[in-house]
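Note sheet for the following structure.
Quick note: numbers below take in every heavy atom, side chains included, and nothing from hydrogens, waters or symmetry partners. So you know, we letter chains A, B, ... as the sequences are listed, proteins then strands, and number each from 1.
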2 protein chains.
Amino acid sequence: MSVADRRANFTKIAHRLIYEKGYKATTMRDIAQNMGCDVANIYNYTKSKESILEQSLFDTSAIFHEGIKKLMRNELTPKEKLIEIIKLHVTISYERPYQAAFLIDEWRHLSNEKLNLFLKERHQYESWIFDIFNTGIMSNDFRIIDPKIASITFLSSIRWVHNQFVNGSSPKQRIELEVHLTNCIIGGYCS
Amino acid sequence: MSVADRRANFTKIAHRLIYEKGYKATTMRDIAQNMGCDVANIYNYTKSKESILEQSLFDTSAIFHEGIKKLMRNELTPKEKLIEIIKLHVTISYERPYQAAFLIDEWRHLSNEKLNLFLKERHQYESWIFDIFNTGIMSNDFRIIDPKIASITFLSSIRWVHNQFVNGSSPKQRIELEVHLTNCIIGGYCS
DNA sequence: GATTTACATCAACAATTGTTGATGTAAAAT
DNA sequence: ATTTTACATCAACAATTGTTGATGTAAATC
């Protein structure tokens, strides 16, 4: 096992535990036990408990931002943009289900300054979604509805996707989920 | 302030804190401070920290079960049943948003025996939803889709509703949300 | 009026928490 | 061959945790 492998293994174990028990309920001793080593040894892999959460959150947040920025530049219709965003969420949730979950369940355990930064990033992401609905409603691509409610419900219906992938899901299931979500969105929002 | 009022006040404060910070991160001293009294005094209102969570979870779970049992007895079409379930979730989430949130976010902090009981209740609830989709797909009321995926996505899209009500929402917003959810469901699942 | 119930404070407990320092060894890089 | 990096253990810390017992007072019930 290489150095990189061992570090990856630590991260994987830590993320799995935090996912299963929650950040607060996961102790450094829990992680150590699951790695088969002493508590103090954990600090060879991470600076602190919070930095585990911190890195995961901001890494994954950045991936979401990259994805949405790319598709916002393209000349897609509002409907096509929503479909691309669904794909983005499914892909990330498939590739890193634990970390996708942290973005929803564990961000509040960040310390104050990091928390503010995180909330700022999240708000920006939500604004992009809002804009898509706002534009799409004005242009008659979507049904007439409060764009705020629409963007919130849209986000909510794709936020939970990671749950389907935490126990290992087949590529086929992934496609089926993506298709279904796309159908629901089109059926629910589009005119 | 009557005795009942004071107990209700304690419950309200405790629930708000647990909602905001999470069960593990909320200490008995936090609750005491927000009540303006000493820590030990809290134990005049509750047997233990866990019993606060326990009571909330099983109380609210019972309300959901009552609601769904009643509508399953009625001779409704699958589509009408879904609409009634949406109403049920919106109503409960409107009346007790914190407790609705605990059903999703905090149940895992129950101790072993209570946890098993809770999971059993939840599984039963999910089975009812599954049955509705299974029936509705066979009868051509719904589009052709894996009933398991359908029931999971359906539940996911109504699970978050409490978020809209935690900071006090107007009756008008409540109606608008209910209408929108109904439209999305009909558009997304029905043929 | 006497008694029970509800509410309050203080001090203290045992357990658990994240983290550090001292110390050592095996592997990698120079 | 030497030095640095990575990994490991042990003991201990200060702080925080849920909870209890002793003790007292005000309010409600009888």
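The phosphate of C:dT17 (OP1 or OP2) has no side-chain N or O of A:Tyr23 nearer than 4.0 angstrom. Between D:dC7 and A:Arg6, a contact under 4.0 Å exists linking OP1 or OP2 to a side-chain N or O.
We find that CG of B:Leu17 is positioned 13 Å from P of D:dT17, with the value rounded to whole Å. Separating the CG atom of A:Asp38 from the P atom of C:dT23 is a distance of 17 Å, rounded to the nearest angstrom. Between the P atom of C:dA6 and the CG atom of B:Asn9 lies a distance of 17 Å, rounded to the nearest Å. If you measure from atom CZ of A:Arg29 to atom P of D:dT9, you get 14 Å, rounded to the nearest angstrom. Between the P atom of D:dT16 and the NZ atom of A:Lys49 lies a distance of 15 Å, rounded to the nearest Å. We find that CD1 of A:Ile31 is positioned 13 Å from C1' of C:dT17, with the value rounded to whole Å. For the pair B:Met28 CE and C:dT9 C1', the computed distance is 16 Å after rounding to whole Å. Counting to the nearest Å, the P atom of C:dA8 and the CD1 atom of B:Ile42 are 9 Å from each other.
When each of D:dT9, C:dC7, D:dG18 is scored by its nearest atom to the side-chain atoms of B:Asn41, the top-ranked nucleotide is C:dC7. Distances from the side chain of B:Asn44 to the nucleotides D:dT9, C:dT19, C:dC7 place C:dC7 closest. Side-chain atoms of A:Arg7 lie closest to D:dC7 of the nucleotides C:dG18, D:dC7, D:dG18.
In this structure, B:Ser48 and A:Ala40 both approach DNA chain D, and ranking their closest nucleotides by distance from the 5' end singles out A:Ala40. Of the two residues contacting DNA chain D, namely B:Tyr43 and A:Val39, the nearest-nucleotide position lying further toward the 5' end is that of A:Val39. Comparing A:Lys47 and A:Ala25 by the nucleotide of DNA chain C that holds the closest heavy atom to each, the one mapping nearer the 5' end is A:Ala25.
Both the sub-6.0 Å distance and the 45° axial angle are satisfied by B:Arg122 relative to the ring of B:Trp107.
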Q: Evaluate the criterion side-chain hydrogen bond (donor to acceptor under 3.5 Å, both in side chains) for residue pair A:Thr26 and A:Tyr19; output intermediate values, then yes/no.
A: CA-CA 9 Å; A:Thr26 303; A:Tyr19 174 81; over 6 Å; no
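Checked options B:Val90, B:Leu155, B:Ile129; the residue passing with B:Ile85 is B:Ile129 (criterion: side chain to side chain contact (heavy atoms under 4.5 Å, CB included)).
Summarising the base pairing, C:dA22 is matched to D:dT9 through a Watson-Crick or G-U wobble pair whose two defining distances lie under 3.5 Å.
From B:His180, atom NE2 reaches atom CD1 of B:Ile175 across 15.0 Å, with rounding to the nearest 0.5 Å. Rounded to the nearest 0.5 angstrom, A:His65 NE2 and A:Met72 CE are separated by 11.0 Å.
Among the protein residues, A:Thr26 comes within range of the sugar-phosphate backbone only, with heavy atoms under 4.0 Å from sugar or phosphate atoms but none that close to a base.
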